K.L.:
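Take a look at this one; I'll ask things after.
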2 protein chains.
Amino acid sequence: MKNHHRSVKVLRRGDLAKLTGCNLETIRYYENIGVMPEPPRSSKNYRVYDDRHVARLRFIMRARELGFTLDEVRDLLALVDGGAQTCGEVQGLANAHLASVRAKIADLKRIEHVLSSTVAQCSGDDVPECPVIDALTEVA
Amino acid sequence: MKNHHRSVKVLRRGDLAKLTGCNLETIRYYENIGVMPEPPRSSKNYRVYDDRHVARLRFIMRARELGFTLDEVRDLLALVDGGAQTCGEVQGLANAHLASVRAKIADLKRIEHVLSSTVAQCSGDDVPECPVIDALTEVA
DNA sequence: CTTGAGCCTGTACCAGCTACAGACTCTAGA
DNA sequence: TCTAGAGTCTGTAGCTGGTACAGGCTCAAG
C-alpha cells in the first residue's frame, strides 16, 4: 500500500482522458480556451483533477455531441455556474440551437434530393455523357 | 473607344468575382490549392481570365454548394478534364457523397429529436430546475 | 540504475476560406 | 498633366475544433 496516507487516488490528465473517452490533448485545449477550468497542480506541476472535472468534461462532450458550438457550450456553462440560472434562459439557448440544427437538416435534404435525382439518371456505363456533370455544369 | 484593337474585354480577378458571386480572395485560394488553373498574366502581372475560367469556377461553386469537399471537387474535375471520363466513375463519386450526406442527415435528426424532446419538458419559468441541463449532465 | 511511460510546454497542422498590410498600377476628373 | 481613389499584386495571419509532434522532466518497475 503506497497510498496509505491518501485514500483517494488523484486523477491526472491521462486518467481524465480514459474516464471520459476524451482525447488527451483536447483536455488541454479546452483549458486553454476556457471551457475547462485550470485545475490545481501537484508539486511537480502535474494537473490534478477530481470528480467535478470529470462531470464537467462529460457535460461538454455531451453538448458537443448534440452539435452545440464551443461558444454555445461556454454560454451553457455560464448559466449552470451562475447558480441564478433559470430554466427559461437555458431553454432559449437550446431552442436557438434547435433552430440551427433544423436549418442544417433542411439544407442537407435539399442537397440529397438534387444528388439522388441526378444520380438516378446515370446509365452507369462507359459512356462520356454524364448527367451529374451536366447538372454541375448547367448555369440553371 | 480604347479597346478598338481588342474587341473582347479581358476579365480580371474582380470581374470574375462579380460574375460568379465568388469572394475575390477565394479565387486566389482555389488557384493556390490547384482547383482553379493558373491564368495567363498581363504585362503588368495581372491575372487574365476568360469564359472557361468562369465556367470552371461556377462548376466548383455548385459542387461546393452540394457539399462536395474540395478534394472531391478535384476528383470530379480530373474526371471532367480527363476526356476519357465515364459516367460510371462520376456516378461512383456522387453516390459516395450521397451516402455521407445521408449519414449527416441521420445524425442531425437524432440530435434534433433529443433536443426537441428535452426542450419540450421545459417549464420556461424562473425556476432553477432545467431538464436541458439535466439531460446534459446525466451520465446515461 | 536504467528504461519506458506519462506529463509538461509551445508550436504547427488540417479544411475552407477571409482579411489585411504594403507595394504597385490603372483610370477618371480637375 | 497631376492626383486621388480603386483595383491588383504578394505573403501572411486569423477563424473553428481540435490533433500531433518535439524536446524536456518526472515517476515507477525491474
Side-chain angles (χ1 to χ4, degrees), chain A residues 1-4 6 9-36 38-49 53 57 59-77 97 100 104 107, chain B residues 1-3 6 9-36 38-49 53 57 59-77 97 100 104 107 111:
Chain A
M1 287 251 175
K2 274 157 191 170
N3 284 338
H4 62 92
R6 197 190 313 176
K9 188 186 181 305
V10 295
L11 298 173
R12 289 186 306 177
R13 194 149 56 101
D15 302 317
L16 186 54
K18 266 191 201 108
L19 278 173
T20 58
C22 186
N23 180 292
L24 184 72
E25 301 284 358
T26 303
I27 295 172
R28 192 160 61 102
Y29 172 70
Y30 284 165
E31 184 182 323
N32 284 339
I33 64 167
V35 298
M36 281 292 283
E38 288 183 30
R41 300 291 183 117
S42 73
S43 59
K44 292 301 180 184
N45 205 30
Y46 283 23
R47 289 170 179 83
V48 176
Y49 297 101
H53 294 100
L57 185 50
F59 181 101
I60 295 166
M61 291 174 76
R62 184 124 176 78
R64 293 287 302 127
E65 273 172 32
L66 290 179
F68 286 92
T69 66
L70 284 171
D71 261 2
E72 288 168 335
V73 170
R74 234 187 303 259
D75 291 344
L76 285 171
L77 288 169
H97 180 57
S100 85
K104 272 181 206 147
D107 271 1
Chain B
M1 284 246 180
K2 278 161 189 165
N3 285 335
R6 197 189 314 175
K9 187 188 182 304
V10 297
L11 299 173
R12 289 187 304 179
R13 194 148 56 102
D15 301 317
L16 187 55
K18 266 191 201 107
L19 278 173
T20 58
C22 185
N23 181 290
L24 184 71
E25 302 285 359
T26 303
I27 295 171
R28 192 161 60 103
Y29 171 70
Y30 284 165
E31 185 184 322
N32 285 338
I33 64 166
V35 297
M36 280 292 282
E38 288 183 29
R41 299 292 182 114
S42 74
S43 60
K44 293 299 180 186
N45 205 31
Y46 283 23
R47 289 170 180 85
V48 177
Y49 297 101
H53 294 100
L57 185 49
F59 182 100
I60 295 165
M61 291 173 76
R62 183 121 176 81
R64 292 287 302 128
E65 272 172 33
L66 290 180
F68 286 92
T69 66
L70 285 171
D71 262 1
E72 288 168 334
V73 170
R74 233 187 302 261
D75 291 345
L76 285 171
L77 288 170
H97 180 56
S100 85
K104 273 182 206 146
D107 271 2
I111 290 168

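Not measured: the values here are computed from a predicted model. First the proteins, then the strands, lettered A, B, ... as listed; each starts at 1.
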K.L.:
Please list, in numerical order, the residues of residues 65-75 of chain B that have a heavy atom closer than 4.0 Å to any atom of DNA chain C.
P.N.:
B:T69, B:L70
K.L.:
Could you give all pairs that pass the salt bridge (charged side-chain N to carboxylate O under 4.0 Å, His left out) test and reach residues 13-24 of chain B, with sequence neighbours left out?
P.N.:
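Of all non-adjacent pairs touching residues 13-24 of chain B, those that pass salt bridge (charged side-chain N to carboxylate O under 4.0 Å, His left out) are B:K9-B:D15.
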K.L.:
I'd like to check the side chain to side chain donor-acceptor pair (under 3.5 Å) partners of A:R74; sequence neighbours left out, ordered by chain and number.
P.N.:
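Here the qualifying residues are A:D71.
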K.L.:
Return the set of residues passing salt bridge (Lys or Arg N to Asp or Glu O under 4.0 Å) with B:R64 (not counting sequence neighbours), or none when no residue passes.
P.N.:
none
K.L.:
Quick one: list whatever passes side chain to side chain contact (heavy atoms under 4.5 Å, CB included) with B:Y29, sequence neighbours left out.
P.N.:
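Partners of B:Y29 under the side chain to side chain contact (heavy atoms under 4.5 Å, CB included) test: B:I33, B:L70.
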K.L.:
Can you check whether A:R62's main-chain N or O pairs, donor with acceptor, with A:E65's side chain at less than 3.5 Å?
P.N.:
no
K.L.:
Please name all residues satisfying side chain to side chain contact (heavy atoms under 4.5 Å, CB included) with A:T26, sequence neighbours left out, ordered by chain then number.
P.N.:
A:C22, A:N23, A:Y30
K.L.:
Rounding to a whole Å, what distance do you find between A:D15:CG and C:dA5:P?
P.N.:
16 Å
K.L.:
Name all residues meeting the side chain to side chain donor-acceptor pair (under 3.5 Å) criterion together with B:N45; count only those two or more places apart in sequence or in a different chain, and write none if there are none.
P.N.:
B:R41
K.L.:
Just compare C:dC17, C:dC8, D:dT19 and give me whichever is closest to any side-chain atom of B:T26.
P.N.:
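Side chain of B:T26 sits closest to C:dC17.
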K.L.:
Identify all pairs in which a protein N or O lies below 3.5 Å from an N or O of nucleotides 11-13 of chain D, and state each distance.
P.N.:
unit_1: D:dG11; atom_1: N7; unit_2: B:R28; atom_2: NH1; d: 3.1
unit_1: D:dG11; atom_1: O6; unit_2: B:R28; atom_2: NH2; d: 2.4

K.L.:
If the condition is side chain to side chain contact (heavy atoms under 4.5 Å, CB included), which residues does A:S100 pass it with, not counting sequence neighbours?
P.N.:
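Side chain to side chain contact (heavy atoms under 4.5 Å, CB included) check on A:S100 returns A:H97.
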K.L.:
Quick test: give all pairs of protein nitrogen or oxygen and nucleotides 2-7 of chain D nitrogen or oxygen below 3.5 Å, distance rounded to 0.1 Å.
P.N.:
unit_1: D:dG7; atom_1: N2; unit_2: B:Y46; atom_2: OH; d: 2.8

K.L.:
Can you list everything that forms a salt bridge (Lys or Arg N to Asp or Glu O under 4.0 Å) with B:R47? Sequence neighbours excluded, please.
P.N.:
B:E31
K.L.:
What residues form a salt bridge (Lys or Arg N to Asp or Glu O under 4.0 Å) with A:R28, not counting sequence neighbours?
P.N.:
A:E25
K.L.:
Can you tell me how far P of D:dT8 sits from CZ of B:R41, to the nearest Å?
P.N.:
12 Å
